[in-house]
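See structure below.
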Amino acid sequence: NLQHASALASSASRIPEVPAAMGGGASEEVALRSGVGVRAALAALSLAVTTPIGRLAPKKRRLGITVGCLASALLVLVSGLLRRNRLQGLPPDEHPIDEFIDWRDPGRRGMAMHSEMLLVRFHRYRSVLELLRRFVASYVSRLSPRLGYRMVPEMIAPPQFTWKRPTITQELRQRLADAAEKQHHINGGTVRVFFTGVTGFIGQEFLVQAAADPAIEEVFCLIWDRERGDLSPEKFREKLLGRQAIDKRHYSRFHMLWGDISKDRFGLAPDVYSYITGRITHVIHCAANVSFSDPYEKSYRANVLGARNACIFAEQIQRTPENHFVSLVLIETCYIHGANHGDCLENDLDFPSGYYNNFYEVTKAMASIDGERFLASGVRLAQLCPAIVMGRASDGNNNGDTKTGNALINIIGRAHMEAKVAGMRPLRQRVLATCVSSLARTYPADPHGSFDSTCVDRVVQGMLASLSRPQAVAHRVHLATHPDMQITAAEVYGIIEEELGVRVNVLNPILHHCLWDPLIAQLQHLVNMGDAIPRLRNFVKIFGAYFEWGASRHMVGNDMQVLGLGPRPEPGKMLRIAVRHNQFVQKFGKCRGEEVFWRERVWEKFCVDLAAKLGVQHLGDVPPGRFRDEARVFESLVRDARAAERQEVCAKL
């Protein structure tokens, strides 16, 4: 066993070659630096304990696995502390990437991490316990497959990325803000925006509010080549703005440009680039890959390279003679600070001290560091960092979004509806519907874990405010809920229960990982249920990461002090109206495409009329039973609106 352990340690210390993932051609390094002695000792101990386990009786086999875990954990704790002391002497830009990224399946939580919630709840021990969890999950899982873990791939870090944050003084911040305000005054307050990500969830809300803002003279929208199909710019504009029922008198203010955020100068034609550089005053970079489960290469290309190209694009315009450029606005996320980080101040980014739940978060953090680097070089930019974005605060309209918070609501509601109608189906379909419903209604969460969210209309209000307030330059703004107003996991699932009439189970993370999830996995293999259960299991693990004890608290203040925004929406009311929207408008994700936009227009009018009828300022104040009674007429309103549209078309013909 010792010889085998030494061989494992020697092979693990070599850096394997991996294909270039960013299209550069040069291979990238696996940034994994662990001592050979530590690996050899762990391998020897784990193999010595687990090798004879297969020949033991079931009871003794479980005892052997437990002893192996505990022994490995003790050794890991000592080696982890020694390794942490060694890393503290390294410069900030030389930390290996595995020191601030949690290497496991996205959202996967091992027993060692969950046990820390039961062992101790004192913040001063978090660093030691985190080291213990990471080492156990990393090494024991590779050497002891019987524990139920599976090996996860190591991360590849582009060698050209520098992790060290630049020094940005208060004098530099003030100088850049003054320069932006001076240029804004020279322009006479005129705003001409270059916008990326206009076809996304937030981008389409920007179109609505920009059309209603007379201060915005022109908007140049970058459209990904793959999204335009065979439509001309005029036809694509008509399709995009027609979805939002924007008055055709405003169409001339919007211009559609074909390009790609991952290419130099966004892939724009030379004549188009020359034209817009002499006209635009602001750049808003909102395009991103927001999937929590996509691989690192895809997230890096969209989030890091896209933001870097936006900074280069803004820098080139700013240095062009006789330009009108005021500032660049980067849309990031509150979760750039990492998970379990404590209180996160807006203008601070303690990177790489935290761990991240998925590649979306870590690539957004990398993009934020890139933005600070360009800021230090003199580029006038601001960073807006929303929390988990839900639909509009007033009616829940989300432009057909089915991700993050909306995905949670849709999965619970849809699984419940499928289970209700599965009674007359064949046995296999009934078993599948029951399993999916049970899994979709059982989530690993600490009941006291907080849920940080905001609404899409507030995010866009922050964008528009940053265009008219040059003093936002050189600031990072959290568009989130005040930590004292955040709702807990128990309150989130309680609201969903009240609105949908379905029981949602909040399960202890240890029990979920050790009992519930393996049970569903074994049942899946027995019944052969296809890919429905694996996809749902993966989603549950991903979303469960945001309801952990000790999650990061995003401090706010710049949204009101710097941007001048109004009061923050109440998260409980915002969640209630989001659940109602997903139930009646999207039908838990069944309605998609153009049908959703049509139903949302009818829903918006219905919500306005209902609030006036009941005399309430927000429909979240209406009890669930009363709202369901009033919403029964919604489908008839949709049919009537369809009939009226057909009559109008026939009249024109």
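Hydrogens, waters and symmetry mates play no part in the numbers below; they use all other heavy atoms, side chains included.
- The CG atom of N397 sits 10.0 Å away from atom CZ of F597, with the distance rounded to the nearest 0.5 Å.
- Residue W258 places its CH2 atom among more than 12 non-hydrogen atoms of other residues, nucleotides or ligands, all under 6.0 Å distant.
- In this structure, CD in Q183 is found 10.5 Å from OG in S327, a value given to the nearest 0.5 Å.
- Looking at heavy atoms from C-beta onward, N347 lies in side-chain contact with R173 at the 4.5 angstrom threshold.
- The salt bridge (charged side-chain N to carboxylate O under 4.0 Å, His left out) analysis of residues 385-406, with sequence neighbours excluded, yields the pairs E205-R392, R392-D395, R392-E604.
- Distance CD/Q561 to NE2/H475: 9.0 Å, rounded to 0.5 Å.
- One N or O on the side chain of Q383 and one on the backbone of S368 form a donor-acceptor pair closer than 3.5 Å.
- Ion pairing of E595 with R642 is present here, as a side-chain N (NZ or NE/NH1/NH2) and a carboxylate O approach within less than 4.0 Å.
- Put simply, the side chain of N399 reaches to within 4.5 Å of the side chain of Q244, judged on heavy atoms.
- Checked by atom type and distance alone, the side chain of R458 never pairs as donor or acceptor with a backbone atom of L565 at under 3.5 Å.
- Nearest approach of C311 to L381, heavy atoms of both residues: SG-CD2, 4.3 Å.
- Between the T481 side chain and the S453 main chain, a donor and an acceptor come within less than 3.5 Å of each other.
- Looking only at atom types and distance, the side chain of T281 has no donor-acceptor partner in the side chain of H324 under 3.5 Å away.
- Ionic pairing of E217 and R253 is not present here: no N-O contact between side-chain nitrogen and carboxylate oxygen is shorter than 4.0 angstrom.
- Across all non-hydrogen atoms, the minimal contact from S377 to E315 is OG-OE2, 4.1 Å.
- Not one N or O on the side chain of R308 forms a donor-acceptor pair closer than 3.5 Å with the backbone of D370.
- The shortest heavy-atom contact between C385 and I336 is SG-CD1, 4.2 Å.
- Within the model, atoms CG of D559 and OG of S466 stand 12.5 Å from one another, a figure rounded to the nearest 0.5 Å.
- The minimum heavy-atom distance between I276 and L268, with the atom names listed, is CD1-CD1, 3.6 Å.
- Taking 4.5 Å as the limit, every side-chain heavy atom of T454 sits out of range of all side-chain heavy atoms of C334.
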> Does the pair C286 and F195 meet the rule for a side chain to side chain contact (heavy atoms under 4.5 Å, CB included), with working shown?
Replying inline: CA-CA 7 Å; C286 187; F195 193 93; 3.8 Å; yes
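- The backbone N or O of S299 sits nowhere less than 3.5 Å from a side-chain atom of D294 that would complete a donor-acceptor pair.
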> How far apart are the C-alpha atoms of M463 and V193, what are their side-chain angles, what is the distance that settles it, and do they pass the side chain to side chain contact (heavy atoms under 4.5 Å, CB included) test?
Replying inline: CA-CA 11 Å; M463 293 182 188; V193 185; over 6 Å; no
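- Between C607 atom SG and F584 atom CZ the span is 10.5 Å, to the nearest 0.5 Å.
- E346 places a side-chain N or O within donor-acceptor distance of the main-chain N or O of N558, the cut-off being under 3.5 Å.
- Taking the side chain as every heavy atom from C-beta outward, I223 and V198 approach each other to under 4.5 Å.
- Remark: the backbone N or O of L345 is not paired with any side-chain donor or acceptor of D348 at under 3.5 angstrom.
- V596 and V585 make their closest contact through O-CG1, 4.4 Å (heavy atoms, listed as atom of the first residue, atom of the second, distance).
- A ring pair (Phe, Tyr, Trp, His ring centres under 6.0 Å) with F194 is found for exactly one of Y273, F313, F254, Y275, namely F313.
- For an aromatic pair to be called close, the ring centres must be under 6.0 Å apart, and F292 with Y546 satisfies this.
- With a 4.5 Å cut-off on side-chain heavy atoms, E372 and I168 count as touching.
- Once rounded to the nearest 0.5 Å, the distance linking NE2 of H554 with NE2 of H478 reads 6.0 Å.
- For the residue pair A376 and T167, the shortest heavy atom distance occurs at CB-O, 4.5 Å.
- Side-chain atoms of D260 never come within 3.5 Å of backbone atoms of G267 as a donor-acceptor pair (strictly under, hydrogens ignored).
- Between the side chain of N582 and the backbone N or O of N410, no donor-acceptor pair lies under 3.5 Å.
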>> K605 vs V608, test: side chain to side chain contact (heavy atoms under 4.5 Å, CB included). Steps then yes/no.
In response: CA-CA 5 Å; K605 185 178 184 303; V608 172; 5.8 Å; no
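- Ionic pairing of R175 and D178 is not present here: no N-O contact between side-chain nitrogen and carboxylate oxygen is shorter than 4.0 angstrom.
- Here the side chain of K364 pairs a donor or acceptor atom with the backbone of I331 at under 3.5 angstrom.
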>> Is there a side chain to side chain contact (heavy atoms under 4.5 Å, CB included) between E238 and K235? Walk through the geometry before answering.
In response: CA-CA 5 Å; E238 183 177 350; K235 290 292 185 181; 4.3 Å; yes
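- Between Y360 and T333, the closest side-chain pair of non-hydrogen atoms falls below 4.5 Å.
- The closest side-chain heavy-atom distance from V191 to D213 is not below 4.5 Å.
- R599 places a side-chain heavy atom less than 4.5 Å from the side chain of K587.
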